[in-house]
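Take a look at the structure set out below.
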Amino acid sequence: MSIRLRFAPSPTGRIHVGNVRTALMNWLFALRQGGQVLLRIDDTDIARSTKEYEQSIEDDLKWLGLPWHDRTNQSARFDVYEKAADKLKAAGLLYPCYETEDELDRRRKIAQATGKPPVYDRAALKLTDADRASLEAEGRKAHWRFKLSGARKDWVDLVRGPQSIDTASLSDPVLIREDGAFLYTLPSVVDDIDFKITHIVRGEDHVTNSGVQIEIFEALGGDVPAFGHFPLLVGADGGALSKRLGSLGVGELAAEGYEPMAVLSHLAKIGTSDPVEARLTIDQLAEEFAFEKIGRAPARFDPEELKRVNAAVVHQLGYDAVKDRLAALGADKGEAFWMAVRANLALLPDVKEYAQIVDGPITPVIADASFAAAAAELLPSGAYDAASWQAFTNAVKEKTGAKGKALFMPLRQALTGMDHGPEMAALFPLIGEERARKRLMGEAA
RNA sequence: GGGCCCUUCGUCUAUCGGUUAGGACGCCUGGUUUUCAACCAGGAAAGAGGGGUUCGACUCCCCUAGGGCCUGCCA
């Protein structure tokens, strides 16, 4: 049996870190098993879904490097869902209800307040044909609920182990809204059957859904796939993911200069027994992926940790891999420049700071003007190479007697305006004699 | 209110009754770089609290505290 998974975002917004983690889990397992991933656009809610968001989802997945093998839109399959609904109705498993949302809401609140479970009482099941006719005559439209069996549904979860959901304690799920729109549940199951999905991998917020969905799979005569529910993300403080973080989009991460592999590495490793370390390829992440490694406690999403992982990725990026992006940042100063500065970057756009040092103008930091002036006198003339820095600093040392930090720090500060940065030997030839002289003399250059 | 899940170094975690409680990131120290950063090495650092069960508990059970999820005509 070939392995097939699916990623099913709803195009009602950009995909955020939580979505990416779900996508990633599916891709990694599929990759590892030699399976395929279906991109399913869950756009049953016509009013909230947009083509722009749909496009952004595809763009974001491409940016991340997660290519799908097949794709579909639920909005193109309403006739199929219609048939499935008919089948359930014929089996007496899908029944019309006429309560309004307000009524249901009120009942739920009363039930909660009196300590009773807020479960739908199935009043609509007792309606006679005549009752229904008069309700319809009043202009009421039915919404349709799936009749749960009341039995326990069991499965062995890929990450949580044996699970058992008591459907007797659940409300019969509404499958079709009053306005005729299909809710998430039925189309999802129908598609999982039609597209021969073998594994459903998603966040643990769907655990209860799985109990319900297993019944619908069975009612429709489909094969029940394997389920895996991983714990959700929480913020760095262990509390619920803040709104800002939870909605942190792929687009924003890309705009801030994060590397796709950093985002993927971080999201793949947090909450697992593997160390949170940078990986350079998705294949590598897939090789290391295993459901058994996923913990049962929520995974912490810490932007600071993501940044560290990002730095580790950037430090390993070759010039060819970043040339175009450097150019876009106005910081393509050649391979020597890139190799000199990359180890000092956390985020690629940080490179601009160092490009500035090479290009100028920067304001030199000079604590001892006479020392700097003396150094300026000793600047070699002509083109600089890898050996120039040592020749220069040796000359300054000889002349001034300064050595170690007292020698190097003032020179670094004068030449770069900063007290930290890449190896000066590599930077020096890129700065060149003219700028070096001006900066040592205290001029912005 | 009910259901499900979780709680080990600062962080993410390993341990499936007997371990010097291991690793990774961070931190500290050292090395390298005649400077800083980067890099490399070493080090410090942990079982929420309380009861049981047991010869023996991080591990099994119960309670308390704390956290996450579900309980929608959202997905």
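Note on naming: letters A, B, ... go to the chains in the order of the sequence lines (proteins, then strands), and numbering restarts at 1 for each one.
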### Task
Would you check if A/H206 stacks with the base of B/rA75, given a 5.5 Å centroid limit and a 30° plane limit, both strict?
yes
Just to confirm, is there a sub-4.0 Å distance from OP1 or OP2 of B/rC73 to any side-chain nitrogen or oxygen of A/R145? yes
Out of B/rC70, B/rC36, B/rG1, minimum distance to the side chain of A/E423 belongs to B/rC36
So what does A/N344 hit on the nucleic acid, given a heavy-atom distance under 4.0 Å: a base, only sugar-phosphate, or nothing?
base
- prompt: Just checking A/M424: base, sugar-phosphate only, or nothing, at a heavy-atom cut-off of under 4.0 Å?
  reply: base
Partner of B/rA65 under the Watson-Crick or G-U wobble criteria, both distances under 3.5 Å, comes out as B/rU7
Checklist entry - How is A/R48 classified with respect to the nucleic acid when contacts are heavy atoms under 4.0 Å: base, sugar-phosphate, or nothing? => result sugar-phosphate
* Asked: What does A/N209 touch in the nucleic acid at a heavy-atom separation under 4.0 angstrom: a base, only the sugar-phosphate, or nothing?
  -> base
As a quick check of understanding, evaluate side-chain contact (heavy atoms from CB on, under 4.5 Å) for A/V17 and A/L306, giving each step before the final call.
CA-CA 11 Å; A/V17 291; A/L306 171 59; over 6 Å; no
B/rC58 and B/rU53, which share atom name C1', separated by this distance in whole Å:
16 Å
By nearest-heavy-atom nucleotide on RNA chain B, the more 5' of A/G271 and A/R412 is A/G271
_With hydrogens left out and only the distance checked, is there a donor-acceptor pair under 3.5 Å joining A/H420's side chain and the base of B/rC36?_
no
Next on the checklist: Centre-to-centre under 6.0 Å for A/H16 and A/F301, is that the case here?
Outcome noted: no
Please say whether more than 12 non-hydrogen atoms of neighbouring residues, nucleotides or ligands are located less than 6.0 Å from CD in A/Q316. yes
For this session: Indicate, with a heavy-atom threshold strictly under 4.0 Å, whether A/K116 touches base, sugar-phosphate, or nothing.
Result: nothing
Looking at B/rU34, does its base get a donor-acceptor pair with the side chain of A/T393 below 3.5 Å? yes
Atom OH of A/Y184 and atom P of B/rC70 are separated, to the nearest Å, by 13 Å
- Looking at side-chain heavy atoms only, is the closest gap between A/F7 and A/R40 below 4.5 Å? no
Please give the distance between the P atoms of B/rU20 and B/rG52 as a whole number of Å. 27 Å
When rounded to the nearest 0.5 Å, the distance separating OG of A/S210 from CZ of A/R202 is 4.0 Å
Closest to the side chain of A/R177, out of B/rC36, B/rC74, B/rC6, is B/rC74
Between A/E54 and A/K51 (salt bridge meaning N to carboxylate O under 4.0 Å), is one present in this structure?
yes
Taken to the nearest whole Å, CD1/A/I270 to P/B/rG23 is 23 Å
Would you mind classifying the nucleic acid contact of A/L104 as base, sugar-phosphate or nothing, using non-hydrogen atoms under 4.0 angstrom?
base
Scanning all shown strands, the Watson-Crick or wobble mate of B/rU20 with both distances under 3.5 Å is none
- Is any side-chain nitrogen or oxygen of A/T44 closer than 4.0 Å to OP1 or OP2 of B/rA75? yes
Closest of B/rU7, B/rC70, B/rC69 to the A/T208 side chain is B/rC70
**Asked** Can you tell me how far C1' in B/rC74 sits from the matching atom in B/rC69, rounded to whole Å?
**Response** 15 Å
Point to revise | Whole-angstrom distance between B/rC9 and B/rU35, as gauged at atom C1' | key: 34 Å
- Item | Gap in Å between the two C1' atoms, one belonging to B/rG42 and one to B/rG26, rounded | 16 Å
In whole angstroms, the gap separating P of B/rA75 from CD1 of A/I15 amounts to 18 Å
The nucleotide from B/rU34, B/rA75, B/rU71 with an atom nearest the side chain of A/P118 is B/rU71
Please determine whether a side-chain nitrogen or oxygen atom of A/R308 lies at a distance below 4.0 Å from atom OP1 or OP2 of B/rU11. no
| Reckon A/D166 touches a base, only the sugar-phosphate, or nothing at all at heavy-atom distances under 4.0 Å? | nothing
Applying the 3.5 Å cut-off to both distances, the Watson-Crick or G-U partner of B/rC73 turns out to be none
To the nearest angstrom, the CD1-P distance between A/I110 and B/rU71 comes to 20 Å
- Message: Mind checking if A/E178 touches a base, just sugar-phosphate, or nothing, with heavy atoms under 4.0 Å?
- Response: base
- Query: In terms of ring plane angle, is the pair A/F428 and A/F392 parallel, tilted or perpendicular, where the classes change at 30° and 60°?
  - Reply: parallel
Which of B/rC70, B/rU34, B/rC6 is nearest the side chain of A/D205? It is B/rC70
* Would you call the rings of A/H229 and A/F227 parallel, tilted or perpendicular, where under 30° means parallel and over 60° means perpendicular? -> parallel
By the Watson-Crick or G-U definition, both distances under 3.5 Å, B/rC27 is matched with B/rG43
**Message:** When the C1' atoms of B/rA44 and B/rU29 are compared, how many Å lie between them, rounded to an integer?
**Reply:** 10 Å
Practice task
Can you tell me, in whole Å, how much space there is between the P of B/rU13 and that of B/rU8?
Solution key: 8 Å
Just to confirm, is there a sub-4.0 Å distance from OP1 or OP2 of B/rG3 to any side-chain nitrogen or oxygen of A/R152?
no
Ranking B/rG72, B/rC69, B/rC4 by distance to the side chain of A/Q163, first place goes to B/rC4
Please confirm whether any donor atom in the side chain of A/K293 sits under 3.5 Å from an acceptor in the base of B/rU13, or the reverse. no
Atom CZ of A/R160 and atom C1' of B/rG68 are separated, to the nearest Å, by 11 Å
The nucleotide from B/rA24, B/rA14, B/rU35 with an atom nearest the side chain of A/S273 is B/rA14
Per nearest nucleotide of RNA chain B, the residue lying toward the 5' end, A/K405 or A/K269, is A/K269
OH of A/Y258 to CG of A/L348, rounded to nearest 0.5 Å, is 12.5 Å
In whole angstroms, the gap separating P of B/rC25 from NE2 of A/H315 amounts to 14 Å
Here the distance between atom P of B/rA37 and atom CD of A/Q413, to the nearest Å, is 13 Å
Regarding the side chain of A/P275, the nearest nucleotide among B/rC74, B/rA24, B/rU35 is B/rA24
Discussion item. Between B/rU54 and B/rG2, how many Å separate the two C1' atoms, rounded to a whole number?
Written reply: 35 Å
Rounded to the nearest 0.5 angstrom, the CG-CD distance for A/L186 and A/Q213 is 10.0 Å
Heavy atoms only, 4.0 Å cut-off, all strands: where does A/E304 land among base, sugar-phosphate and nothing?
nothing
Report which part of the nucleic acid A/S169 touches: base, sugar-phosphate, or nothing (heavy-atom distance under 4.0 Å, all strands).
nothing
From NZ of A/K403 across to C1' of B/rC36 the rounded distance in Å is 19 Å
